[in-house]
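Proteins come first, then strands; the chains are lettered A, B, ... in the order of their sequence lines, and each starts at number 1. Since this is a predicted model, take the numbers as computed values, not measurements. Basis for what follows: all heavy atoms, side chains included, without hydrogens, waters or symmetry-related copies.
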Amino acid sequence: MALCSIQVNVNGTNYQSVVEPRLSLADFLRHELGLTGTHVGCEHGVCGICNVLVDGRSVRACLLLAVQVDGQSVETVEGLAEGEKLHPIQQAFMDEQGLQCGFCTPGFIMSLKELLDCNPSPSEDEIKDVLGGSICRCTGYAGILRAVQSAVAKMGGGQPSSAD
Amino acid sequence: MAVDIPKSFEALPTSSPRHIGRGRRRVEDPALLTGRTQFVDDVELPRMLHCAILRSPFAHAKITEVDTREAESLPGVVAIVTGDDALRWSHPAQSSPEGWGTHCLATDAVRYVGEPVAAVAAVNRYVAEDAIELITVEYDPLDAVTDPVAAMAPDSTLVHAGQGTNVMMDRVFTWGEVDQAFEAADHVVSEKFRWNRMGANPTETFGCICEWDPLDLSLTIRGSIQSPSMFGLGRAATFALPSNKVNIISQPHGGSFGGKGGTRGTDVTCLLSRKADGRPVKWIEDRIEYLTAGGSQAWDRHYQASISVRQDGTVTGLRVGLIDDLGATGEAYGAICAAKPLAAFTGPYTIPVAEYDLKLVATNKVPSGPYRGMGPPPHFFVLEQLMDLAARRLGMDPAEFRRKNFIPNEAFPYTIPSGNEYDSGNYEEVLNQALALADYPALRSAQAEARQEGRLVGIGVASAIEPGVFDWNAYAIVGMPGTGVPEGATVSIDIMGFITVRVGFSLEGQGQYTLISQLVSDYFGTDPEMVRVVYLDTQSAPPSFGPGGSRLGVAITGAVLGACDRIRTKACRVVAALMQTEPENIVLHDGLFGIPGVPEAQMSVSDVAGTMLARSDLLPPDVDPRPEATHVWTAPGRTPADEEGRAKSYLTAAQAVHVVQVEIDRETGFVEIQRYCLADDCGTRLNPATVEGQTDGSVAQGIGAALLEEYSFDEDGQPQTTTFMDYLMPTVYEIPKVEKVAVVTPSPFTPLGAKGCGEGAIHTTPAAVLCAINDALAPIGQMAREVPAAPKRLWELIRAAGDTPEDGLI
Amino acid sequence: MKPAPFEYAAPPTLDEALAILSENDPDEVKILAGGQSLMPLLNMRLARPELLLDLTRIDELGGVRALDSAVSIGALATKRDVEDSSLVRDRNPLFMESTVMIGHPQIRNRGTVGGSMVQADPAAEYPAVAVALGAELVARGPGGERVIEADDFFITYLTTSLEPGEILTEVRVPDLPAGTGWSIQEVARRHGDFAIVGAVAMLRLESGVCVDPRIVIFGASDRARRHPEAEALLAGERPSAALFESAGQAVAQSLEDPTDDVHASADYRRDLARVLCARTLSEAMERAEGSGA
């Protein structure tokens, strides 16, 4: 099996790596780069726990191969906070108890980042559309919904929506 | 030394608590939110190998040959184990009931699909999975038995030939004159019910890293382990090791809900580490492994139950017949779930006599295990449907029928027929609050209008008890020995006044580290930021059980406050010596030790701690110079179970009333939850935001149980629900807004009056949702007796009612 | 749950992809587009190709373009590309609606239009609307380009009429004819799950009667199909609840070999097909009336 050389920008850092074609993006991030903040829940694309951003779009890291992101940029939960300052979405999850065990949280946060980057004042339907792609077993979603509202307020939402 | 643990906020050494009783931000969260919390799969150890497990494709078969030669020659493979290794190096798993455990790898036969047959340790998981495909196993398939009723027949195929039967236990428990009650009753309501297998499915599956030390003959296991001390004792038994040679390191875990399981996979991984000369081996259960053969398939139950009722609406007796399908072995302790209903058998009602006809049966399915609630949720589903049937028979409103049978306030502490004692309650107030929140009369009138239009709208009003703070004695009937479940904490104050609390349980999601920081900061008048909570492994930690049985919030509060009090006592002696007075004259208040009313005779906590640590020469000679203490809390007053299983078992009894409105789509059978209101009373709320979070999550799991979640098997025992495409957990779309109101009746028996509340709403939610569904179906003469109330089942019921909707209706 | 080993190729042009395909045993090659269905199969080792041929680097297969009376959607256009396309929104609201019904945003960001067509999942939305709209699927192979009618493209469960060595390049979705009322509805256990049963209905109203009615049922059997018996009942008739109910009954009668699984029995699916047929016709009629006003 031929190995592949890839170049990926993750959270602003360029990485060059030689990987087996079958290595998933999730395993690449976690076990090759040590970015273990991206968790793995089902490895068949349903639970949404491994959501990361590839070129700004949220995707399942278990349904992508590392070789497929050659030349692209990836954002993970490790890239959100600036030093000691949490990203407003992270802060909102903390303020509103949007997490309990926290295992699913990075996947939710990354999907929400895509949403709020594109659309600072999403409608309830748009929020649910994004949240519906991930499973949380602890919170019953109540705290997560509160956190999204809080994040929208923090990030200057309430302004008219504008597409990017 | 007498230890004084405050029973209320007012008894804390502070003028007014600033932290406890408030919804604080959680100390656990920054690391979780930034991806820095180390879950087990995030741990890398030098020379670590990775395990993949080869599992049985048959529900029942003899194994005639296992050939691992080709797999051994695959580059990257380091060790392979089979049943022969398990026979050589381990014992069968402990089980409940006793004697129904097997070796961690099949030795002669496989008894469920997914049972481990062989395992590989290799340089990475990819290669390990390549290797297990190269192992050839010859099976001689046998008939599988998957129906527990059929399994009880004398001529049934036997899951374990050596047992001579599939019946693990068959006993009738009678508490009072049940026959008389039913003979004297004006009405007897009797029904069959079915609760299908479902379970925890935490977002993180189980995982472990096992290291066998070949020279020391000891074992170190890191893992997503809910109850580290019990887990360690189990492994010591499996491998015949002294218990002090097994060290368990519990990593933070991604939820558990009782359903982490993982003991069998851990034992397999330990064997691999031993075979690999002690290299650490990691096994991360994947989701298909979890869904096929993992740790939480719970409550596979067939019920026949009845209540006896007087014409005035008084319920006089309860009979529950339960055939509980435990699957192939007793290793996962599913039997405990059949025993736990004894802690709240008659729910919130004054039903004076009861009978439990309990049959535990083995079948060729995955061993069943615990899940949030540990058994009462199906029991209350049954009891609450019977209550509604009786109310309907008598023409009484279901809320009023329940009110009539509630245990009255003045009766607490109240002993139920099955032996447990409820600590306190205010059930009628909880009902009133729930009905008011929902505006129950308005719901009923809207329902009447909807019914006029032919719509299937229903309202459920259900109430249940959450037994809190478990004790082993609750499970005596299924062979669990002993009484007493300890939780310890060590509190230390350093020379700068910072405080460290050491405990034996890891993060799981319920926010107990935050609770500890709240307790300690209010006790010593510091800021929560000055308190740090540190996890210790089982060889270092004070005695600990960890989370489970809705206990840890109460138990750790007792442990921490007990340790604080021990420090206080010690510090008072020190301060008294420094101030040349007697210790009983020294009081701790708002962070100062001193003589009340003498402003110049006060020392801060950090000054006292600093003096103790730096100037032991100034201390009285018999005072331990460390500002540190350990306290181990166990629930007081627990009694051994008698012959009929009766015991004071769970220390607290929280109670709730849920009011739910649903509409069933008459054509498709789909249920929409249109309103969800609840009132609950779990005593003093130590961190109200956390309690609400537990409630929200538990309602969601209860809705999953009521409507969506089910492990299905075909007749040959093949699982049909092995992916998240088929095992359906609720998403944000399936969970309605939950309106909540709290009633607070402190427990007289616990630290600060708190009650166990972690398992929470799932005790009531499935019952309430099914009550609502059955209220909706009542006008067409149908009743849902099976959980989950999947659309296919409701569609069948609606169709059976006759496809004759009233004129003008679609 | 890790894939078996495979070789990987991600050519930048269609010609190179076709060449790679012709040089290998077609049974040993899997074509990767968005991967939202294929990757789970690889992870579970239910698909185990020698070679994974990744088309996502081929720019010419992307994009959404206007044709005279149709929209051409590149096979590698993602569902998100469609969702963001004002062209599709204007020309074909039915196709747009079916797009946003698919899965979740994280799936739509990656999953492709062509991938869904070639996967031919009987419960998927895209094959159903392709059949209803009479879309054309364009394939390139060793013998050149071939245009396949949607109804001829979908054969049965996970099977299409693509030949070994062919690659789907484009889907031509005819514009929704003026005045057409349409509806797509489905029942699924949870929001975003594959449908237990779904239905697509289209019709126009001329002089108060139904014209060119189309009914497609999906999720109920081996593939999305139109139901000519039911359509014949509707054509030329005045719409009414009773008429739609009889169309639903005709659909239920003509449904062959409904799927039976853990979520729904064959009988239940048959009945859901009846119900959804009537419901979608009713909604389509409302839209037709709205557009004619």
Side-chain angles (χ1 to χ4, degrees), chain A residues 20 22-24 27 30-31 34-49 76-81 84 86-87 89-91 93-107 109 127-145, chain B residues 23 25-26 28-39 41-44 124-126 200-205 252-257 284 286-288 291 507-511 689-690 692-701 703-704 723-725 729-733 735 737-738 761:
Chain A
E20 273 193 80
R22 62 172 166 167
L23 185 70
S24 76
D27 284 346
R30 293 176 47 74
H31 301 307
L35 293 169
T36 53
T38 298
H39 302 143
V40 172
C42 74
E43 292 181 286
H44 54 277
V46 182
C47 74
I49 285 163
T76 71
V77 73
E78 287 94 341
L80 289 185
E84 293 173 6
L86 294 177
H87 185 278
I89 301 175
Q90 292 170 316
Q91 187 64 48
F93 269 69
M94 177 147 173
D95 293 344
E96 299 296 337
Q97 298 218 351
L99 70 161
Q100 288 179 22
C101 81
F103 196 75
C104 70
T105 312
I109 288 178
I127 292 168
K128 273 194 161 181
D129 193 30
V130 167
L131 299 182
S134 297
I135 287 172
C136 170
R137 193 58 160 165
C138 293
T139 63
Y141 306 101
I144 296 176
L145 285 164
Chain B
R25 284 184 191 159
R26 305 195 321 165
E28 292 88 344
D29 287 351
L32 289 167
L33 285 163
T34 50
R36 286 186 294 108
T37 301
Q38 221 177 22
F39 296 94
D41 193 28
D42 305 340
V43 177
E44 296 285 341
N124 65 45
R125 176 67 176 246
Y126 290 74
N201 261 298
T203 49
E204 180 203 40
T205 56
H253 28 299
S256 178
F257 317 107
I284 302 298
D286 70 34
R287 185 60 62 179
I288 290 184
L291 290 168
L507 301 185
E508 193 175 84
Q510 303 94 329
T690 296
E692 291 212 15
Q694 293 295 308
T695 305
D696 287 330
S698 196
V699 167
Q701 291 183 354
I703 288 171
T723 73
F724 275 168
M725 308 287 275
M729 293 193 291
T731 73
V732 70
Y733 284 101
I735 303 303
K737 178 177 162 57
V738 179

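- Contact annotation for A:Thr105: only side-chain heavy atoms (C-beta onward) come within less than 4.5 Å of a heavy atom of chain B.
- Proximity to chain B involves both the backbone and the side chain of A:Leu99, based on heavy atoms less than 4.5 angstrom apart.
- At distances below 3.5 Å, not a single donor-acceptor pair connects side-chain atoms of A:Arg137 with backbone N or O atoms of B:Gly255.
- Chosen from B:Ala700, B:Pro202, B:Ala200, the residue pairing most often with chain A at heavy-atom distances under 4.5 Å is B:Ala200.
- Contact count versus chain B (heavy atoms, under 4.5 Å) is highest, among A:Ala142, A:Cys42, A:Gly37, for A:Cys42.
- Taken from SG in A:Cys104 to CD in B:Glu204, the straight-line distance is 12.0 Å, to the nearest 0.5 Å.
- Proximity to chain B is limited to the side chain of A:Ile49, based on heavy atoms less than 4.5 angstrom apart.
- Note that CG of A:Leu131 and CD1 of B:Ile735 are 13.0 Å apart. Values are rounded to the nearest 0.5 Å.
- A donor-acceptor pair is defined here as one N or O able to donate and one able to accept, closer than 3.5 Å; no such pair exists between the side chain of A:Glu43 and the backbone of B:Asp286.
- Heavy-atom pairs under 4.5 Å with chain B peak, among A:Thr38, A:Leu35, A:Leu23, at A:Leu23.
- For B:Ala31, no part sits under 4.5 Å from any heavy atom of chain A, backbone or side chain.
- In plain terms, the two heavy atoms of A:Ser24 and B:Tyr126 that are nearest each other are N-OH, 3.1 Å.
- Shown here for B:Tyr733 and A:Gly132, the closest heavy-atom pair between the two residues is CE1-CA, 3.9 Å.
- In this structure, chain B has a heavy atom under 4.5 Å from the side chain of A:Gln91, while its backbone stays farther away.
- A donor-acceptor distance shorter than 3.5 angstrom exists from the side chain of A:Gln90 to the backbone of B:Leu33, with no hydrogens or angles considered.
- The residue among A:Glu78, A:Glu20, A:His31 with the most heavy atom pairs within less than 4.5 Å of chain B is A:His31.
- Contacts of A:Phe103 classified as ring pair (Phe, Tyr, Trp, His ring centres under 6.0 Å), with partners at least two apart in sequence or in another chain: A:His39, B:Phe39.
- Contacts of A:Ile109 with chain B are made by side-chain atoms alone, with heavy-atom separations under 4.5 Å and no backbone atom involved.
- A 4.5 Å side-chain heavy-atom check between B:Thr34 and A:Leu80 finds every atom pair outside the cut-off.
- Here the side chain of A:Tyr141 pairs a donor or acceptor atom with the backbone of B:Pro730 at under 3.5 angstrom.
- For a residue to count as touching a neighbouring chain, one of its non-hydrogen atoms must lie under 4.5 Å from one of that chain's; by this rule B:Thr690 touches chain A with backbone and side chain alike.
- Ranking B:Leu32, B:Thr205, B:Asp41 against chain A, the residue ahead of the rest is B:Asp41, based on heavy-atom pairs under 4.5 Å.
- To the nearest 0.5 Å, atom OG1 of residue A:Thr36 and atom CD of residue B:Gln38 are 6.5 Å apart.
- Judged purely by distance below 3.5 Å, without hydrogens or angles, the side chains of B:Gln694 and A:Gln100 pair a donor atom with an acceptor atom.
- With B:Arg287 contributing its side chain and A:Val40 its backbone, the two residues share no donor-acceptor pair below 3.5 Å.
- Looking only at distances, no side-chain donor or acceptor of A:His44 sits under 3.5 Å from a matching main-chain atom of B:Thr723.
- Within the 4.5 Å cutoff, side-chain heavy atoms of B:Thr203 are placed close to those of A:Cys101.
- Contact count against chain A (heavy-atom pairs under 4.5 Å) is highest for B:Gln701 among B:Gln701, B:Lys737, B:Glu692.
- Of the two parts of B:Leu507, neither the backbone nor the side chain holds a non-hydrogen atom closer than 4.5 Å to a non-hydrogen atom of chain A.
- The most heavy-atom pairs under 4.5 Å with chain A, out of B:Gly697, B:Pro252, B:Gly511, come from B:Gly697.
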